[in-house]
Amino acid sequence: MKTISPLEIRDMARDAVKHNTQKASKKDPLIDFIIKLATKILEIDTPDMDILEIEDACTEQKELIKKTVQKVKKNYTSEEHFKGPTDIFMKDIEFKLYREIL
């Protein structure tokens, strides 16, 4: 069974950010990442389907994805037992090397 490696996911995220920082793009890298990830998942789940059709289908859902992400951002409240350690990890100089690796 084919899977998606963490390195592939990392590369998709990097590409989404990279393409959206070039030329002062107004695109949202999170939305582009979600579309790329959904495309990859569907490519694995439906190997008989043409990749261009999969890409088109995922891209057609862009507005729905945007609305869903906005709704989650608006309504989500973090769980405190994750928030504290995450804040420390994201800000503390001690974890800089790990952040760069990730």
Side-chain angles (χ1 to χ4, degrees):
M1 174 180 214
K2 188 168 167 55
T3 61
I4 304 170
S5 75
L7 293 177
E8 287 178 285
I9 294 171
R10 181 203 63 197
D11 291 344
M12 283 184 245
R14 279 186 180 166
D15 287 346
V17 170
K18 180 180 171 185
H19 293 293
N20 287 301
T21 56
Q22 296 172 347
K23 301 177 186 175
S25 175
K26 292 185 179 183
K27 292 183 177 181
D28 184 341
L30 178 59
I31 304 302
D32 288 348
F33 169 73
I34 292 169
I35 290 171
K36 287 175 189 280
L37 184 58
T39 300
K40 188 68 174 176
I41 291 169
L42 286 171
E43 179 183 13
I44 291 170
D45 286 349
T46 55
D48 296 335
M49 193 170 179
D50 183 86
I51 185 65
L52 294 176
E53 289 180 28
I54 294 171
E55 288 172 349
D56 287 345
C58 290
T59 302
E60 286 176 9
Q61 297 299 313
K62 189 171 190 167
E63 288 306 312
L64 179 60
I65 293 168
K66 279 183 184 180
K67 287 178 185 176
T68 303
V69 167
Q70 289 170 349
K71 183 177 178 183
V72 169
K73 284 180 176 181
K74 179 181 175 186
N75 296 328
Y76 180 74
T77 55
S78 67
E79 298 175 41
E80 285 304 315
H81 60 278
F82 290 122
K83 186 180 183 312
T86 301
D87 285 345
I88 291 168
F89 178 78
M90 294 305 292
K91 296 175 183 172
D92 196 315
I93 190 73
E94 177 183 351
F95 300 108
K96 181 180 180 185
L97 175 63
Y98 299 107
R99 289 191 301 269
E100 289 172 356
I101 291 170
L102 291 171

Query raised in the report: Do side-chain atoms of E8 reach the backbone of S5 as a donor and acceptor pair under 3.5 angstrom?
Result: yes
Report task. Rounded to the nearest 0.5 Å, what's the gap from NZ on K96 to CD1 on I101? Could you check? Result -> 12.5 Å
Query - K73 side chain near L30 side chain, heavy-atom distance below 4.5 Å - result: yes
Report summary line: dist E79:CD -> T86:OG1 (nearest 0.5 Å) comes out at 10.5 Å
Query raised in the report: Is the number of heavy atoms from other residues, nucleotides or ligands under 6.0 Å of Y98 OH greater than 12?
Result: no
Query - Single-linkage hydrophobic cluster F95~M90, side-chain heavy atoms < 4.5 angstrom - result: yes
Report task. Taking the side chain as every heavy atom from C-beta outward, state whether I44 and T3 have any pair of such atoms under 4.5 Å apart. Result -> no
Query - Spacing of L42 atom CG and I51 atom CD1 [to the nearest 0.5 Å] - result: 8.5 Å
Report summary line: Here the salt bridge (Lys or Arg N to Asp or Glu O under 4.0 Å) pairs for residues 54-63, sequence neighbours left out, are D32-K62, E63-K66
Query raised in the report: So, the side chain of N75 versus the backbone of K71: is there a donor-acceptor pair under 3.5 Å, distance only?
Result: yes
Query - Closest non-hydrogen atom pair between R99 and F89, with its separation - result: NH1-O, 2.6 Å
Query raised in the report: To the nearest 0.5 Å, what is the distance between CZ (R10) and CG (D15)?
Result: 10.0 Å
Query raised in the report: Side chains of F33 and I9: does their closest heavy-atom pair fall under 4.5 Å?
Result: yes
**Report entry** Heavy-atom pair of closest approach, residues P29 and A16
**Finding:** O-CB, 3.4 Å
Query raised in the report: Out of curiosity, I41 CD1 to I54 CD1, how far, rounded to the nearest 0.5 Å?
Result: 11.5 Å
